[in-house]
Every structure is written in structure tokens, then in C-alpha cells.
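Worksheet for the structure shown next.
All ligand and atom numbering here is 1-based and tracks the order in the structure.
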Amino acid sequence: MKTSLSIGEYLIQRLYAHGVRHVFGIPGDYVLGFYDLLSRSKLRLINTCDEQGAGFAADAYARVRGLGAVCVTYCVGGLKVANTTAEAFAEKSPVVVISGAPGMKEREKNPLLHHKVREFDTQKKVFEQLTIASTVLSDPQTAFQEIDRVLHTALRFKRPVYIELPRDLVSVPGIPHHKPPEIHERSDPKTLRAALAEAKEMINGARQPVILADVEVHRFGLQDQLLKLVNQTNIPVAATVLGKSVIGEQHRAYLGIYEGAMGRDEVRQYVEDSDCVIMLGAFMTDINLGVYTARLDPARSIYATSEKFSIRYHVYEDVRFKDFMRGLLGLRLRRRTAGKRPRPTPINGFQIKNKGATLTVKRLFERLNVYLAADTVVVADVGDALFGAIDLFIRQRTEFLGPAYYASMGFAVPASIGAQMANPKLRPLVLVGDGAFQMTGMELATAARYRLNPVVVNNCGYGTERHMQDGPYNDVWPWHYSRLPEILGKGRGWVVETEEQLNRALLEAGRWTESFCLLDVRLPPLDRSPALERLAARLAKRI
Ligand SMILES: Cc1ncc(C[n+]2csc(CCOP(=O)(O)OP(=O)(O)O)c2C)c(N)n1
Ligand SMILES: [Mg+2]
């Protein structure tokens, strides 16, 4: 009987144990041995058109499922996922980057093997900057422990990690009878008690407490706790853009997106008038803060994340974010009456105003709001796709994905593949500018290959940039997007120029679930979403 797994087998086993079922990537000779193992394992390999597509797909997979994996070959593949790994790092998404590499024996005397950049560890050094932990599995004696350490760190910090697997070690056995350690990290009980006592006093003493929920509530799977807290206390809750859909957006205590001047004004006012803002898992990025138009005062805030915990100006060490969230539920906080607060706008049907009228961005989003269903996951790319999506009402929690901080174009189409693989019950609605689409939109081929069926709405030119500074560099070659299905031999396409055409295309796309649907929505180049409009108006007032 075999007493020890090989290093490759152990890595696969641990990924599976942590809930990974799909691995995204493109093979190459340095990773073929591991690909062979993968293809015979319980994990499913998903081949994308480009490594960047695999990276974004794995990121979205991690956001939906808790852990994602991308597997690529040395440097030519690895360096292509540098950008997607950077996004995963910045936006806290635990992606395991697995890269094949030259065997340790081949490396002796530093020969010029193909794909090498400068030294054999050049790629590893790059990824040290982009991940929270990294390792080269070069020693069978420590390989299993290294896999345990790196995967644990990914899950502990919700950030990407890097595992390099030299090709001559894939089938080498690790140490026999190895068991992954069980690690339970807890807060310091006394500090936690003191922090909860101070939080209780501040929240119960407040005239108008409000919760501001953000990305870490998603990443640590604390949506249930948040919902319980809101139901128990009736304290209203706003979300940030990065945290959007942390709670179903039709919940009666949901205020809307708080994003300084970019969010709705009544939400901004309510949050900024609060004498106790309970910030849960929030990262105060410039986009979350509405490009620094937000007014949040630390003296009136409780700030709880996995990295920092403070109440007013008191900083507490050793208080775990999860423990604090659970602790809040046990505090028996005072229940609030609803009073005057912003409410989610009810979603009314969509009436076509004028059959031949040119479609505007505002009307596009109003119609999309009606299209959304409980099984739609909205995946927004950078640009007005993301800004406009702020005003969509997501039906169920965790059904909105957008790179709202690192903001790398090209996320949405491949991310929709990852999201649908992570949860096949969801049908993605992808909102993507034509600029971003031309970067990674051909991953629709991957959607076709694996029978996925996203609905892709594509809007002309680098619109967002045009509002900052215009020039010919903001123009994009106008593809016949709606005819891509002909090239791919799958899918359906529509050209949409009027409200009526939009209506019809969305109705047909909703019914046609066999493959992907691509709506080429032609919008006036200088038109913009209400969110961008609001920001411009507020900024103009300050000048
Ligand atoms: C990878 C990458 N390159 C460049 C940018 C800078 N950038 C931000 S928005 C934008 C234009 C986006 O155009 P499009 O995708 O058509 O969306 P629109 O602004 O028209 O809604 C650009 C070039 C970026 N965010 N990411
Ligand atoms: Mg555009």
C-alpha cells in the first residue's frame, strides 16, 4: 500500500478539501505532468483562450466559492496572470496561482532553458510582491508543509498565493503519513470583551447608528451574521461599491450604496449624519469613498476588518473580525425604529417611452433592473458598466462582482465564466464597455466550449476616459460584436439602438439559455450613467 502521496497528488487533494472543483489555465511543457494528474483527478480543468482570462475566472470563482485556482506554465503563462493576481491581492480574493517550472536537476549550472527571463527565480520574486505567501516545492521533505502553510495563509488573509512546482517533483512522494494541521486562531478573550463592551456602549448610546458593510463580509462568509444583526437590531445598512450585494438590495433596512458623492444623495446624508458608523470589513479606497467626496469621521466610527480594529480613536490588537461580528450578535443591542430613512426604490416595470427613441445609459440601466432575477449574478467591468451598476438592485446577496478598487479592464467576461462554474445555478449578466470587451471578450469562446450562457451587454470608445480628457486615443475600432456568434459557432447576438430593441433582445436572451447572448448596445459616446452624472455635479460644486 502507498504510504505517501506524491507532491502533485497532495496539492490536488488539499485544493479539493478546501472546496475547489475547477482549475483554470493553459498548459505548457513545464506543467504538463501536473496537468496530466489534474485531468485524472476530481478537479475539472477549464481551458481559457488566454492566461489573463484564466486569472480573472479564478478570481471570480474565489469570490463566489471561497477559494479559486489558476494553473499555468512557467513565465510565459505565469507573468500573464501577474495582473489578475494583483487584482486579487488588492481586492482580497484568495486565488492559488500554480505554476509549472523547470525541474530542479535541469537548473544546475543555470542553462538557458526556454521561458526563463533572467534567473530561475525571477517569476517567484515577481509573485512575492503580488501574493500574501509563496513557495517553490523544491524539497520533498517540506513540500506538504509548504502546501499547508500557503493554503492556510490564503484563507486566513483572503489574498492570493503562489505555488511553483518544478516538473521533476510532481510525482515525487512527500513525507509519509502527513496530516494537515488544524489551526484555530482566536481573538484574545479579554481584549475582545473590552472591545465589545465599548462597541455596545457606543451603539446603544447613538442617536442614529448605521452599518456600512464592505468586501470582507463577503470574503469571510459573514453575510448571515450581518443579516441577523440587521434583523435583530433594525439598524439600517449601507454597502460600498466593492461590498455591493453583501445583503439583498430589497431588504427593508437597506439604504443603498454609500459612495460619497457618487452614491445617492439621501444615502450619503444619512450615513454622514450618523453619530455611530459601524464599518464592517470596509476598505477606505478612493472609489469606495467616491473619489474622496465621502465625509466619515473616525471619532464617530467603529472600524472592524481582518487587518485593523478600532473604536473611535482606540485601537485594539488581537481582535479577529469574525469573532467581533459574532460577538455583536450576542450583545443584545437596542432595537431601532425605522423612522425616516432612505428606502430601496421599488422596482416598477419598464415602459417604453418612445418606440424609435435612441437608448441612453440611464434607460439601459432602468431596463436592466427589471431584467435581474434571483438567479442573476451581475458582473461589471471597469468604466460606466461599473458606475451604472451601482444603481441596480441586486436581488440576492453575493450576486454582484466588479473590480471596484484595482479596476483592471477585461475582468467581466472571463469572471462570468468563473462565477458560473463556481455556482451553476447563477446566470451571469455581464456589463462591459467595448474597450474592456476588446481585451478579454474572446473568452466567450470558453463560455461556448463549456456550455455556459452569460448575457453580455456591451456599450462606444473609452467613455470614462473621454470625460477626463478626450483625444483619438479614446477611440476603439467598432467591431461587429453581434456577429461574433458566427465566428464562434455558438451563441446569439443582437444590435440594440432603441428602447424597443433592448426590450425585445432582453426578453429573447432571458428565454434562450442554450448558450451565450451578446447585446451590442449602441450608446451616444458622451452619454453617461446617473452615478457618473452625480459625481460630476458634486465635484463641479466644489470647484
Ligand atoms: C487594463 C486597463 N487599462 C487601462 C485602464 C484605464 N481606463 C479606465 S476606464 C477606461 C476606458 C474604458 O472603456 P470601456 O471599456 O469602453 O468602458 P466605458 O468607459 O466606455 O464605459 C480606460 C482605458 C484600466 N482601468 N485598465
Ligand atoms: Mg466604451
Please say whether [X] places an N or O atom under 3.5 Å from an N or O atom belonging to ligand 1.
X	result
Ala385	no
Ser408	no
Gly435	yes
Met439	no

Counting from 1 in the order shown, the ligand 1 atoms closer than 4.0 Å to a non-hydrogen atom of Gly433 are 14 (P), 15 (O), 16 (O), 17 (O)
Option set [options], criterion heavy-atom distance to [atom], minimum:
atom	options	result
atom 25 (N) of ligand 1	Pro403, Gly383, Ala407	Ala407
atom 1 (C) of ligand 1	Gln438, Arg528, Met409	Met409
atom 16 (O) of ligand 1	Asp527, Asp434, Thr440	Asp434

Do the side chains of Glu164 and Lys124 get close enough for a salt bridge, i.e. N-O under 4.0 angstrom? no
Does a salt bridge link Glu91 with Arg63, judged by any charged N lying under 4.0 Å from a carboxylate O? yes
Checking Ser93 side chain against Asp59 main chain: does a donor-acceptor pair fall under 3.5 Å? yes
Can you list everything that forms a ring pair (Phe, Tyr, Trp, His ring centres under 6.0 Å) with His114? Sequence neighbours excluded, please. Tyr30
Look at the rings of Tyr162 and Phe127 and say which category their plane angle falls in: under 30° parallel, 30 to 60° tilted, over 60° perpendicular. parallel
Can you sort out the partners of Ile26 under side chain to side chain contact (heavy atoms under 4.5 Å, CB included), two or more places apart, ordered by chain and number? Thr48, Glu51
Among the N, O or S atoms of Asp434, the one nearest the Mg ion (ligand 2): OD1
Trace of the side chain to side chain contact (heavy atoms under 4.5 Å, CB included) decision for Leu392 with Leu372: CA-CA 9 Å; Leu392 292 178; Leu372 298 187; 4.1 Å; yes
